[in-house]
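Everything on this sheet refers to the single structure shown next.
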Amino acid sequence: MPLEGLGAPLHDGEVRIVCAPVASAATLPSAWLDAGEQQRWHAYRFAADRQRHHAAHALKRWVIGAVLGASPQRLAFAADARGKPRLVDAALHFNLSHSGAWVSLALRRDAEVGVDVEQAREPAIPLPWPAIRHPEEPDLTDSASFLKAWTLKEAVSKCCGQGLALDFSRLRLEQTQRSIDCYDDARRHWHAWHARLDASTHLALASDAAWRRLRWWRLSPAGEPRWAECQTVWAAPR
């Protein structure tokens, strides 16, 4: 299937995000997965978890292979010292996330990226705002605001490789015209972005350097994979 510009060279300062319904991405060949990915796939007890794992890693191989001009099954991955997945040849940075019906992939050549997708869960449970709210952030209590803040801060934690070991209450979010700035108590700074994939699903991106161009693609929700939308979210003036 044509990749609608996704296979073009990835330039410095450019970020690409690919979002796919799990059901669509899961139609990509499972033979692309390497032995370790296959082993983890079969280790899941529930079929839904196996499907999300398959969808995420097949999508990762398909898109990265297209960008690098490489066969999906020949790509080699490893974990860095922090446990964050990376390409063995370090040709570009990437990050994966999946939740509910969606899987997302972020790519950048010249800086680290983190991506998080979160689908609201029912029934609603009490929201642990004190665990994630910075003292200088507004005291909001609605679920949509909580999920927006959570996905942004988790994207930051994945970008820096700390995951949930990072204390979210030490991260302060500030909305800007171009993106969302995030700072921690150690004066580290990340650039972030947030969107809604559907009424109940939040998407967030974070990078440790400002981008000049941010584009995202979404796969059709039904049938074989096909592109439903390609959007340039932000591009620097020429």
Side-chain angles (χ1 to χ4, degrees), residues 10 12-19 56 60 79-87 90 92-100 102-121 127-197 200-216 233-234:
L10 187 65
D12 287 352
E14 181 182 1
V15 180
R16 296 179 189 172
I17 307 171
V18 182
C19 301
K60 170 193 72 178
D80 64 17
R82 302 163 298 178
K84 185 177 181 180
R86 62 174 180 82
L87 275 164
L92 54 78
H93 301 279
F94 74 92
N95 197 229
L96 271 173
S97 180
H98 55 76
S99 177
W102 288 94
V103 57
S104 295
L105 169 72
L107 304 171
R108 184 165 184 172
R109 183 174 293 279
D110 59 328
E112 293 279 3
V113 288
V115 68
D116 187 51
V117 59
E118 295 288 343
Q119 189 171 55
R121 294 171 176 82
L127 302 173
W129 269 106
I132 75 163
R133 177 181 169 270
H134 189 278
E136 297 180 22
E137 290 177 337
D139 188 10
L140 302 172
T141 57
D142 63 285
S143 60
S145 297
F146 176 84
L147 277 175
K148 178 179 179 179
W150 177 273
T151 52
L152 285 163
K153 294 186 179 189
E154 185 158 350
V156 167
S157 72
K158 295 177 70 179
C159 177
C160 67
Q162 292 183 246
L164 296 179
L166 182 64
D167 183 354
F168 285 9
S169 67
R170 296 180 59 191
L171 298 176
R172 176 171 55 87
L173 301 171
E174 288 186 5
Q175 181 71 55
T176 69
Q177 181 179 2
R178 172 179 171 180
S179 63
I180 300 168
D181 288 330
C182 182
Y183 304 88
D184 73 357
D185 296 345
R187 298 182 181 273
R188 291 184 295 178
H189 177 209
W190 296 269
H191 302 266
W193 173 80
H194 169 269
R196 298 282 285 267
L197 286 175
S200 63
T201 308
H202 293 248
L203 170 72
L205 166 82
S207 183
D208 53 11
W211 50 78
R212 291 185 56 80
R213 191 184 196 202
L214 172 60
R215 301 185 75 195
W216 71 324
V233 178
W234 192 90

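These numbers were taken from a predicted model, which means no experiment stands behind them.
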Gap between atom [atom2] of [Y] and atom [atom1] of [X] - 0.5 Å precision:
{"X": "I132", "Y": "E154", "atom1": "CD1", "atom2": "CD", "result": "10.5 Å"}
{"X": "R16", "Y": "L10", "atom1": "CZ", "atom2": "CG", "result": "4.5 Å"}
{"X": "W129", "Y": "D139", "atom1": "CH2", "atom2": "CG", "result": "8.0 Å"}
{"X": "L214", "Y": "R212", "atom1": "CG", "atom2": "CZ", "result": "13.5 Å"}

Should [X] and [Y] count as an ion pair when the cut-off is N to O under 4.0 Å?
{"X": "E118", "Y": "K148", "result": "no"}
{"X": "R82", "Y": "E112", "result": "yes"}
{"X": "R170", "Y": "D185", "result": "yes"}
{"X": "R188", "Y": "D184", "result": "yes"}

_S207 vs R108, side chain to side chain donor-acceptor pair (under 3.5 Å): CA-CA, chis, key distance, verdict_ = CA-CA 9 Å; S207 183; R108 184 165 184 172; 3.0 Å; yes
Donor-acceptor contact present, side-chain [X] to main-chain [Y], <3.5 Å:
{"X": "S99", "Y": "Q119", "result": "yes"}
{"X": "K60", "Y": "L105", "result": "no"}
{"X": "R133", "Y": "P138", "result": "yes"}
{"X": "K158", "Y": "V115", "result": "yes"}
{"X": "E137", "Y": "L173", "result": "yes"}
{"X": "K84", "Y": "C160", "result": "no"}

Closest non-hydrogen atom pair between [X] and [Y], with its separation:
{"X": "A209", "Y": "A111", "result": "CB-CB, 3.9 Å"}
{"X": "D116", "Y": "W150", "result": "OD2-CD1, 4.1 Å"}
{"X": "F168", "Y": "A131", "result": "CB-O, 4.1 Å"}
{"X": "S169", "Y": "P135", "result": "O-CD, 3.9 Å"}
{"X": "G13", "Y": "D110", "result": "N-OD2, 3.0 Å"}
{"X": "L92", "Y": "L107", "result": "CD1-CD2, 3.9 Å"}

Side chains of [X] and [Y]: closer than 4.5 Å at any heavy-atom pair?
{"X": "I17", "Y": "L203", "result": "yes"}
{"X": "Y183", "Y": "H134", "result": "no"}
{"X": "S179", "Y": "L205", "result": "no"}
{"X": "H189", "Y": "D181", "result": "yes"}
{"X": "V113", "Y": "C159", "result": "no"}
{"X": "S97", "Y": "W102", "result": "no"}
{"X": "H202", "Y": "V117", "result": "no"}
{"X": "L171", "Y": "V156", "result": "yes"}

*Side chains of R196 and T201: is there a donor and an acceptor less than 3.5 Å apart?*
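R196 vs T201: no donor-acceptor pair found between side chains.
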_For a ring pair (Phe, Tyr, Trp, His ring centres under 6.0 Å) check, start with the C-alpha distance between W216 and W193, then their side-chain angles and the critical distance, and finish with the verdict._
CA-CA 12 Å; W216 71 324; W193 173 80; 5.4 Å; yes
